[in-house]
Amino acid sequence: MQNIEVAWIFAELADLLELKGEDFFKVRAYRRAAKTLANLELPLVELNRRGLIGKIPGIGKAIETKIKEILVTGQLAKHQQLLQEIPPGVLEIKRLPGIGPARARVLFEQLGIKDLDELERAVKERRVRNLKGFSAKMEWDILNGIQMIRRRHGRVLLSVARELAQELIEYIRILPGVSQVEVTGSTRRWRETVGDLDLVAAATDPEPLLTALATHPRTKEVIEKQANRIRVFTWWGLSVDLQVVAPEEFIPTLHRNTGSKPHYAKLQELAASQGLVLDHHGIKNEAGEFLKLQGEADIYRSLGMDYIPPELRENRGEVEAAQRGQLPGLLELADIRGDLHIHTTWSDSAMDLADVVQRCQEKGYAYAAITDHSRSLKIANGLDLDRLLEQHTIIREMNKKLEDFTLLTGVEADILPDASLDYPDEVLEQMDVVIASVHSGFKQSRQEITRRITRAIENEHVDIIGHMTGRVLGRREPYDVDVEALLEMAAKTGTILEINASPDRLDLNEEYAKKAKEAGVKLCINTDAHDLRRLDEMIYGVAVARRAWLTKDDVINTLEIAELREVLR
DNA sequence: GCCGTTTTCGGCCCGACTGTTTTCAGTCG
């Protein structure tokens with residue numbers, strides 16, 4: 001049992017209890033526990049062995065007992081029992097925008113609606129609008145919500161896919177006879193969501209590997225099995241395809257399976273035009289001899305071009321650029337010198353200032369900015385003026401004692417619905433980093449939201465615009481905003497745009513990040529972390545940047561502190 | 001269900017928006 005799986009049980013338990021109308025505080029206690037468990041540093045199994053589960057904040061006697069039950073039996077009786085009462089489809093209905101526990105319950109109890117299909121039918125038959133708490137407009141919203149969920153269906157966040165991939169790879173790598181194993185497909189190309197996880201392994205005998213995956217604890221059922229490949233569906237809601245090849249076919253298979261299909265097709269075409277044959281066996285010349293391949297770079301070299309990293313393999317001009325020797329030197333995680341969007345216990349995060357400093361130093365960063373929420377964001381315990389200034393005083397004091405590390409003062413100031421910022425200019429002026437973000441009024445018109453963000457961009461004290469389109473993958477569409485106009489304005493004012501690295505945001509996305517660069521805008525990759533583990537998500541923002549063809553020069557948090565201060569000034 | 005340098009019971013981050021049964025429950029961040 002992984003922590004994340006235990007956390008999922010508690011999160012679902014919270015949802016189920018909420019649907020039953022259970023006390024809100026009890027629901028919240030489970031939800032908090034789920035979040036805490038998901039972000040623990042150590043495996044629960046280990047903590048249990050050391051008798052430390054009850055010591056975790058937010059975990060009391062009752063939840064501790066339940067965790068132990070899960071660790072021993074693999075499930076939770078109370079959770080299973082609730083699932084008997086409430087069909088899982090009702091949980092999905094509750095996740096529709098505009099539908100919460102109360103409305104989902106009305107739909108279930110009064111119309112017997114158990115899943116999205118039944119809901120869609122009821123809406124089309126106009127049976128929903130007359131229910132208490134519903135309306136004709138809401139029927140429209142429901143259909144849109146169902147569309148959104150259908151679009152996402154079967155796809156998971158890249159971070160989930162990578163976590164599962166890592167676990168399976170480590171498991172397969174140590175099996176007898178395995179020489180190599182790698183993740184391929186869209187996961188290796190770092191696409192923001194993943195439909196299936198594709199693995200390729202090199203081994204002399206496939207059978208032990210196929211059996212190992214078939215019986216792995218993550219595997220729910222085997223979908224298909226052939227002599228050298230197996231497809232399974234996992235408990236994580238992601239299917240996994242493992243192909244086992246002979247060692248000499250590993251590199252060409254890894255390369256082909258990584259795709260993308262259009263990229264690979266283009267290479268095959270190019271190979272053919274040179275009298276070569278490129279396929280999963282390798283590259284064959286006109287004499288029918290296979291060229292020797294040490295790595296993927298040899299494939300590209302044989303075709304007369306530079307090596308193309310997986311993130312660029314989308315047939316968006318990378319082949320032509322590689323032929324001309326003009327691929328950009330992509331940004332690397334190691335280029336990142338600091339994180340400029342971090343929350344602490346002063347607002348709604350689990351980390352205190354000392355935690356942040358320690359972890360950022362461990363990561364080898366030279367600086368970090370503390371940017372807690374501003375006063376209007378009450379639910380996140382946003383800082384009023386007094387607390388903000390107090391925090392900044394403390395940060396400046398801490399800074400004096402730090403060596404080779406700079407803790408910057410800052411704030412994530414709300415761009416309010418009336419386009420003003422949450423603090424006056426005189427206050428913003430005094431801090432190192434001002435991020436301005438929208439956290440309210442998402443449903444304003446395109447014109448209004450664009451104007452709001454434009455005003456923030458124009459404010460000379462605003463350094464960075466945070467998560468500019470506001471999307472949350474699979475949960476919330478971006479707000480209606482004229483991104484192109486904002487890029488133009490940001491270029492004019494020298495305002496920096498954030499690539500929010502949180503795997504469910506990735507905002508700006510790769511398309512806009514690329515356009516930003518082309519418009520002459522500088523970017524900053526931030527985690528927006530609310531707990532220690534999520535400071536590690538920088539890599540996902542770097543992946544967006546790489547897929548957007550960005551180099552070190554395009555990203556300001558690759559600068560050393562003195563240069564960074566210059567840019568922020 | 002969790003928690004306690006005021007409380008082992010009684011608190012638990014708040015407020016805006018929405019649609020509308022025009023007075024507030026439900027949802028959201």
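By convention in this document, chain letters (A, B, ...) are assigned in the order of the sequence lines, proteins followed by strands, and residues within each chain are numbered from 1.
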Quick one: look up who B:dT8 pairs with, Watson-Crick or G-U, both distances under 3.5 Å, and put none if it's unpaired.
->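 Matched B:dT8 with nothing under the 3.5 Å cut-off.
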
For atom [atom1] of [X] and atom [atom2] of [N], their distance in whole Å:
X	N	atom1	atom2	answer
A:H373	B:dC13	NE2	C1'	12 Å
A:E139	B:dT18	CD	C1'	16 Å
A:E64	B:dC2	CD	P	9 Å
A:R31	B:dC28	CZ	C1'	12 Å
A:I56	B:dG1	CD1	P	17 Å
A:L17	B:dG1	CG	P	8 Å
A:D422	B:dG29	CG	C1'	14 Å
A:R28	B:dC28	CZ	P	17 Å

Answer yes when [X] and [Y] have at least one side-chain N-carboxylate O distance shorter than 4.0 Å, and no when they do not.
X	Y	answer
A:R452	A:E448	no
A:R150	A:D117	yes
A:R534	A:D528	no

Which pairs, with at least one residue in residues 349-359 of chain A and sequence neighbours excluded, count as a side chain to side chain donor-acceptor pair (under 3.5 Å)?
->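 Sorted result for residues 349-359 of chain A: A:E41-A:R359, A:Q358-A:E362, A:R359-A:E362.
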
Would you mind listing every salt bridge (charged side-chain N to carboxylate O under 4.0 Å, His left out) that reaches into residues 62-73 of chain A, with sequence neighbours excluded?
->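 For residues 62-73 of chain A: A:K61-A:E64, A:E64-A:K68.
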
Could you name each residue pair satisfying salt bridge (charged side-chain N to carboxylate O under 4.0 Å, His left out) that touches residues 489-504 of chain A, not counting sequence neighbours?
->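 Counting only pairs at least two positions apart or across chains, no salt bridge (charged side-chain N to carboxylate O under 4.0 Å, His left out) contact touches residues 489-504 of chain A.
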
Cation-pi between A:R162 and A:W190: NZ/CZ under 6.0 Å from ring centre and within 45° of the ring axis?
->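 Yes, a cation-pi geometry.
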
Is there side-chain contact between A:L416 and A:D422, with heavy atoms separated by less than 4.5 Å?
->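 Yes, their side chains come closer than 4.5 Å.
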
Do the side chains of A:W236 and A:V156 get nearer than 4.5 Å, heavy atoms only?
->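 Not touching, per the 4.5 Å side-chain cut-off.
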
[N] to [M] separation - [atom1] atoms, rounded to the nearest Å:
N	M	atom1	answer
B:dG11	B:dT21	C1'	34 Å
B:dC17	B:dC13	P	23 Å
B:dA16	B:dT8	C1'	37 Å
B:dT23	B:dT18	C1'	13 Å

Mind checking if [X] touches a base, just sugar-phosphate, or nothing, with heavy atoms under 4.0 Å?
X	answer
A:R476	sugar-phosphate
A:R32	sugar-phosphate
A:K94	nothing
A:K78	sugar-phosphate
A:D348	nothing

Using a cutoff of under 3.5 Å, can you pull out all pairs of nitrogen or oxygen atoms linking the protein to nucleotides 23-27 of chain B, with atom names and distances?
unit_1 : atom_1 : unit_2 : atom_2 : d
B:dT27 : OP1    : A:G100 : N      : 2.6
B:dT27 : OP1    : A:G100 : O      : 3.3
B:dT27 : OP1    : A:R103 : N      : 3.0
B:dT27 : OP2    : A:A102 : N      : 3.2
B:dT27 : O5'    : A:G100 : N      : 3.4

Output a table of nitrogen or oxygen pairs between the protein and nucleotides 14-16 of chain B separated by less than 3.5 Å.
none

Would you please name every residue forming a ring-ring contact (aromatic ring centres under 6.0 Å, His included) with [X], sequence neighbours left out?
X	answer
A:H373	A:H343, A:H439, A:H530
A:W346	none
A:Y423	none

First encountered from the 5' end of DNA chain B, between A:G133 and A:G60 =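 Checking each residue's closest nucleotide, the 5'-ward one belongs to A:G60.
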
Nearest nucleotide by nearest heavy atom, which residue falls closer to the 5' end of DNA chain B, A:L131 or A:L377?
->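 The residue closer to the strand's 5' end, by nearest nucleotide, is A:L131.
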
Which of the following nucleotides, B:dG1, B:dG19, B:dC12, is nearest to the side chain of A:K137?
->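 That would be B:dG19.
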
Kindly list each side-chain donor-acceptor pair under 3.5 angstrom involving residues 83-100 of chain A, sequence neighbours excluded, with atom names and distances?
unit_1 : atom_1 : unit_2 : atom_2 : d
A:E85  : OE1    : A:K20  : NZ     : 2.9
A:K94  : NZ     : A:D15  : OD1    : 3.4
A:K94  : NZ     : A:E18  : OE1    : 3.0

Are any side-chain N or O atoms of A:R105 and backbone N or O atoms of A:L19, one a donor and one an acceptor, separated by less than 3.5 Å?
->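 Such a contact is found between A:R105 side chain and A:L19 backbone.
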
For DNA chain B, determine which residues of residues 438-446 of chain A have any heavy atom closer than 4.0 angstrom to one of its atoms, and list them numerically.
->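 Only A:H439, A:F442 qualify.
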
Tabulate atom names and distances for all N/O pairs under 3.5 angstrom spanning the protein and nucleotides 8-11 of chain B.
none

Mind checking what makes side chain to side chain contact (heavy atoms under 4.5 Å, CB included) contact with A:R455, not counting sequence neighbours?
->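 Once residues adjacent in sequence are excluded, the partners of A:R455 under the side chain to side chain contact (heavy atoms under 4.5 Å, CB included) criterion are A:A419, A:R451, A:E458.
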
